[in-house]
Amino acid sequence: MTQPRPDEFKPPPECPVFEPSWEEFADPFAFINKIRPIAEKTGICKVRPPPGWQPPFACNVDRLHFTPRIQRLNELEAQTRVKLNFLDKIAKFWELQGCSLKIPHVERKILDLYQLNKNVADEGGFDIVCRDRRWTAIALKMGFAPGKAVGSHLRSHYERILYPYNLFQSGANLLVSWTNALTLMSFFFAEKEIPILVKQEPIEPVSEADENKSRYKKKPSLDVDLYICLVCGSGSDEDRLLLCDGCDDSYHTFCLIPPLNDVPKGDWRCPKCLAQECSKPQEAFGFEQAYRDYSLRAFGEMADSFKSDYFNMPVHMVPTELVEKEFWRLVSTIEEDVTVEYGADIASKEFGSGFPIRNGRFKVSEKDEMYLKCGWNLNNMAMMDPSVLTHVTADICGMTLPWLYVGMCFSSFCWHIEDHWSYSINYLHWGEPKTWYGAPGFAAEQLEAVMKKLAPELFQIQPDLLHQLVTIMNPNTLMSHGVPIYRTNQCAGEFVITFPRAYHSGFNQGFNFAEAVNFCTVDWMALGRQCVDHYRLLHRYCVFSHDEMICQMASKANSLDVVLASAVQKDMKDMIREEQDLRDKVRKMGVKHCEQAEYNLLQDDERQCAKCRTTCYLSAITCPCSPGRLVCLHHIQDLCSCPLTNYTLNYRFTLDDLYPMMNAVKQRAEFYDEWASHVTETLEAKLDKKKSLSVFRSLINKSELKMFPDNDLLRQLRLVTQDAEKCSSVAQQLLNGKRQTRYRCGGGKTQSQLTVEELRSFVRQLYNLPCSLPQAPKLKELLNCIEDFQTHSEKLLADETTGTADIQSLLDVSFDFDVELPELPLLRERLAQARWLEGVQQASTQHSTLTLETMRRLIDQGVGLTPHPSVEKAMARLQELLTVSEHWEDKTSSLLKARPPLSIEALSETAEKVAGIPAYLPNCLMLKDSISRAREWLQEAEALQDEDSIPLFCNLSDMVIRGQDIPVQLGPLKQLESLVAEVQTWKECAAKTFLMKNSHFTLLEVLCPRCEVEAGSPKRKSKKAKDITQHSKKKMVKLDCLSDVEKALSETKDSASAVMRTFSFSTSFYVCVRASSDSRSAQAWLCPHCRRSEKPSLDKVLPLLASLQRIQVRLPEGDALHYLVERTVSWQQRARQVSSSCGLPDLEESFATPPSPDGKVTSTVGCTHDLLHEQPGVCCAAADLSVELEELMVEGLLLQVSLPEITQLYHVLLNGLRTHHTNERTSLQDDDPSDCDKLKQLLNGAEKKAKRRLEREAVEPERRDKAKKLQNKRQKMNKEKNLERKAASTTSSPHSDFSQSDDSEEEMCPAEGCQQPEGDEVDWVQCDGSCNQWFHQVCVGVTAELAENEDYVCDNCTISDGR
């Protein structure tokens, strides 16, 4: 970033900018009064209207024509103009001497002759500077670099150009001796010089006769010298004599200082005439009017063209900062000659205002009618009721009527204050910004003093220079002398307000259109009278008569605003007192004549004081000798030279007229003054005299009731009351502890929370309020408690051993303080640290809960804590423990996962190392557990090997499974695994031998005896076929292990009786005969339920048993196979015994020639479940057959081993059954049908008795095992039966089908007078007669023992049989 030059302009600070709301914007004077305490400190302020406030531009652009002012920028600045005036004088001096001034260069810079002359004068003059050799110091003072002999050059230039002028100014005789003249002549025009543009006096045209006239005077023929040199007194060298064009005196060219080498071409003045010319007073500086008239459009085209050409870019792209710096550079540089034009002070009355007005030429739309009566319309503002100027009868252009301003780039308005020190408001309708600079009113005299100090020559010529609006001064220069300056950029649509006696100036950034007007408020009145007195000292005329305005308002006392009436009364009191003093003074001076004059009827310029130009209204002095001339009473001696007795005192009102006017205003303002006095007294009360807040509210209510104006006093009262109410509310809130939940819900500062220092300041503020609040003492006490809390907190924080209870108790105390306490975050941090340390300590003492995750969590929590030595130490210990634990956890995990597993000795060594770590390490504990289980397993394996008995396969398999789960190298494990593998191989071989393809039976089920016996008594209730099938499946004995096999086998006495008791009931003494599809087949056919295996031959089974005995492992399948072989061998022996005892042919031989009655081979099958399968065939009774052979055949058929004896026995029985069946059928056909029925009954009875006996023997063990279960379930089953019985009774019908009758038979007791028993046990009994119905035992009088051992026949069957 480039550094600014030392002389580069530095913008002053910005003034306040206000953005009122629509409500505030509605009343402009109320808003200005509101912002006045702030804005008057800067002198100017900017107001941005609310968005949407955009008045239409009402000025007629085509009709507006104006002549602008010409502004030469290097003449505007005061110090620059002083230099230009000095150069004009020097140039004129040498021009009258017949020489043109050329300003020399020093060090490549134009020499500042004004500064050189001023510095030499400040050092004591040319002679003293030369004597003391101060030229080097002067060169340094002017900014030249030392060591380059610049001082000698400055002396030469001063002596050649400025010294003759200073001698002339001092009045010294320029006509010196020849020696001095020759000495001075050697210095003139020795160096190269450059011309400078200076003001040129208009040169009158020289006539041809004058041109021909020679300046050299020829000597006449007479000897007497007619022309002599006034310097040397000689008439010699007539050709060198020069005549003065002013007085015709003659001088030798070489006698002049400086001497002239040639005759001047223009007019030449002698020293006497030169003094007369230079002593003429200089004309006052002012702006010239341009030579052409502009329309608004033409001026805009010229302005835009100038700016774009100057900056070489489009006008809208030039930064405002660049224009500002360039403007102040131009006005401060003499050699820059830039001229601009400014259309200022254009009367809106003649060309129309930019704002719309009523009955104007601009037609306003309906939506814009609001702007006609808006207070911010400058046509309305000056004459609104709150403005004092409404009482000025005359229309004052520029003050009560707006003025228009059309600006271009660099056009400026110089430092000035408004007429009568009034307010002003400026609105920029459109165009580029306008840059403003302002100084507050209290710095007005300071600004004037600085400008007079820096440019005294200008004020000598024009004492009222600052009232002429023709002089500016760089704000940086004023600020360097202590004058406060503020700036702002006024954009289109914005207002700028200047306050009383606030100096302001500025310039335009480009083409724009602005409008301005003045206004005065009540607070201005005192300043207005001071301004009149100030104008009297400056001899400046007044725009209006202040006294006339006061009297005009006093004449309307009854309609005046009370505040305005009070101000008028005060101003009028001062006016009457001054007027009375002046009139008394005049009378004492000898003025006797008095006369009333109607000064209000005269124009202002007809009643101005001849001395001070003040507009007279109350009184004036006149003299008959000077008609039309008058003076104010302050300048009575300046009227004329006549005796004072000839003067006449002209008055508008007598004093007796003025007092009643003042009393009327006073009476109007008296009530307000009383209220204002009470308010002032209340606001200024001290200590115990302070009033309560209710008194302040009553004063405000009174002002609203009486409609007092909204002035400073009332605003102050409201402000104090509002502050007091806010303080009271905040104080009560602090006392009540009404705070948003902070610390218990997560912490954080609320917006309304105060710091302790703010609370302390707030308490001081409470005691500094003009009113007394009851909360102040209580809040002071609260502050004391908070300070005690802070003291205790500091002590607690300094102690490193503080526990959580003490910290928490202190925090609990802080909940009552709705104050931001800096100790609270520290206490919360310390509480968190203490809790964390306690958590670490608790976890460290309980090793079982100190897991890695717990340690990581504690470390993560510790990282978020504020650093503290105790925390850091605990963190270090915890981190070290975590590192060690993670190391051993990872190591033990790798050891446990090692393949092959490590030895128990290596793992035990690692376990001993990790035993001392005070933490819960799952892998380390798993390691210890694995070692422990490995040792137990090894002990079991050793015990297993030491036992003499053969190990069980289930124990062996369980040990292998447990050993495989132990991640430790186990020596016996491989041996046991190989042994288990051999057993599995044997089982697979046995399964292939016995099991059929896709069989649902297991090998153990196939090898074990059939145990699917029906549980329960034969006297129990019968089931349907499908129910019996399901029941048989449910009652299938599950044989999973060796104990199950031993239990099943232990229930039989020998193999033959076991098989018969198990399966004889299945035959039901019936056989199913089916014709074989192959008549040549000699094999018995078994249903899938009876044939469970492939029935291998005994020769294939015996090697399996032998291979199992070699393995030396006992398993259920092996025992079952062993038992099967025993049963098979036993059956063979019994079959041979029966064959030999019955005299049957040899079974092996009879097998070759099976008997056939019809010569054809027929195959029949005896199936244990013919009734279930319902196979078609011919059923016949076999009671007369050999029971022993039948049981033997059935037992052989159900063996899971194929034997040739079974087939032989099958054919023997088949031949016998066929023969018996043929004989029986023949005998039955011959007998009486009744005999057949009796035979059937006998057979059925015998069948039932045998069936009941066999079933009881078969199911007795099972009944004993399941007695408890049946007892527990009986109650529930009986309840369900009763419910089913009731439902069946409601839905049964005589037309029900078979299934329904079966259900009702099962569920209903057919006994007459059924008692419907309920309870834990309800026993049933089945009739052994022809009905086969079921009865409640209690309903038919049968005991359980009787039902088990004897037949029961119901009454109906007894009656039928008796018949």
Verdict with supporting geometry, Arg1092 and Glu1005, salt bridge (charged side-chain N to carboxylate O under 4.0 Å, His left out):
CA-CA 9 Å; Arg1092 298 189 177 190; Glu1005 290 175 347; 5.6 Å; no
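- In this structure, CG on Asp1119 lies 4.5 Å from CZ on Arg1114, to the nearest 0.5 angstrom.
- Within the model, atoms CE of Met1193 and OH of Tyr1210 stand 8.5 Å from one another, a figure rounded to the nearest 0.5 Å.
- Atom CG in Leu1007 sits 13.0 Å away from atom OH in Tyr1123 (nearest 0.5 Å).
- Looking only at side-chain heavy atoms (C-beta outward), Cys1331 and Cys1354 come within less than 4.5 Å of each other.
- What you find for Leu1199 and Thr1128 is that their closest heavy atoms are CD1-CA, 4.3 Å.
- Summarising the geometry, atom CD belonging to Glu1117 is positioned 7.5 Å from atom OG1 belonging to Thr1002; distances are rounded to the nearest 0.5 Å.
- Residues Val1101 and Pro1096 approach most closely at CG2-CG, 3.9 Å, considering heavy atoms.
- Pairs passing the salt bridge (Lys or Arg N to Asp or Glu O under 4.0 Å) check and including a residue from residues 1101-1112, sequence neighbours excluded, do not occur.
- Counting heavy atoms from C-beta outward, Glu1195 and Arg1134 have side chains that approach closer than 4.5 Å.
- To the nearest 0.5 angstrom, Cys1357 atom SG is 9.5 Å from Asp1328 atom CG.
- Sorted by first then second residue, the side-chain hydrogen bond (donor to acceptor under 3.5 Å, both in side chains) pairs that include residues 1093-1107, not counting sequence neighbours, are Trp986-Ser1107, Ser1093-Gln1200.
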Could you tabulate the donor-acceptor pairs under 3.5 Å formed by side-chain atoms of residues 987-994, not counting sequence neighbours?
unit_1	atom_1	unit_2	atom_2	d
Thr993	OG1	Cys989	O	2.9

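- A heavy-atom distance below 4.5 Å is found between the side chains of Phe953 and Gln984.
- With sequence neighbours left out, Leu1105 forms a side-chain contact (heavy atoms from CB on, under 4.5 Å) with Gln1109, Leu1121, His1122, Val1125.
- Side-chain atoms of Leu979 and Ile1111, non-hydrogen and from C-beta on, do get closer than 4.5 Å to each other.
- You'll find the side chain of Trp1131 reaches within 4.5 Å of the side chain of Leu1192, heavy atoms only.
- Every residue two or more places apart in sequence or in another chain that forms a side-chain contact (heavy atoms from CB on, under 4.5 Å) with Val1338 is listed here: Gln1315, Pro1317, His1336.
- Summarising the geometry of Gln1112 relative to Pro951, their closest heavy-atom pair is O-CD, 3.6 Å, with the distance given to 0.1 Å.
- Annotation for Leu1108 and Gly1118: closest pair CD2-CA, 3.0 Å, computed over non-hydrogen atoms.
- Residues passing the side chain to side chain donor-acceptor pair (under 3.5 Å) test with Asp958 are Arg962, sequence neighbours excluded.
- The nearest pair of heavy atoms linking Val1340 to Ala1311 is CG1-CB, 4.2 Å.
- One finds the CD atom of Gln1132 at 4.5 Å from the CG atom of Leu1203 (value rounded to the nearest 0.5 Å).
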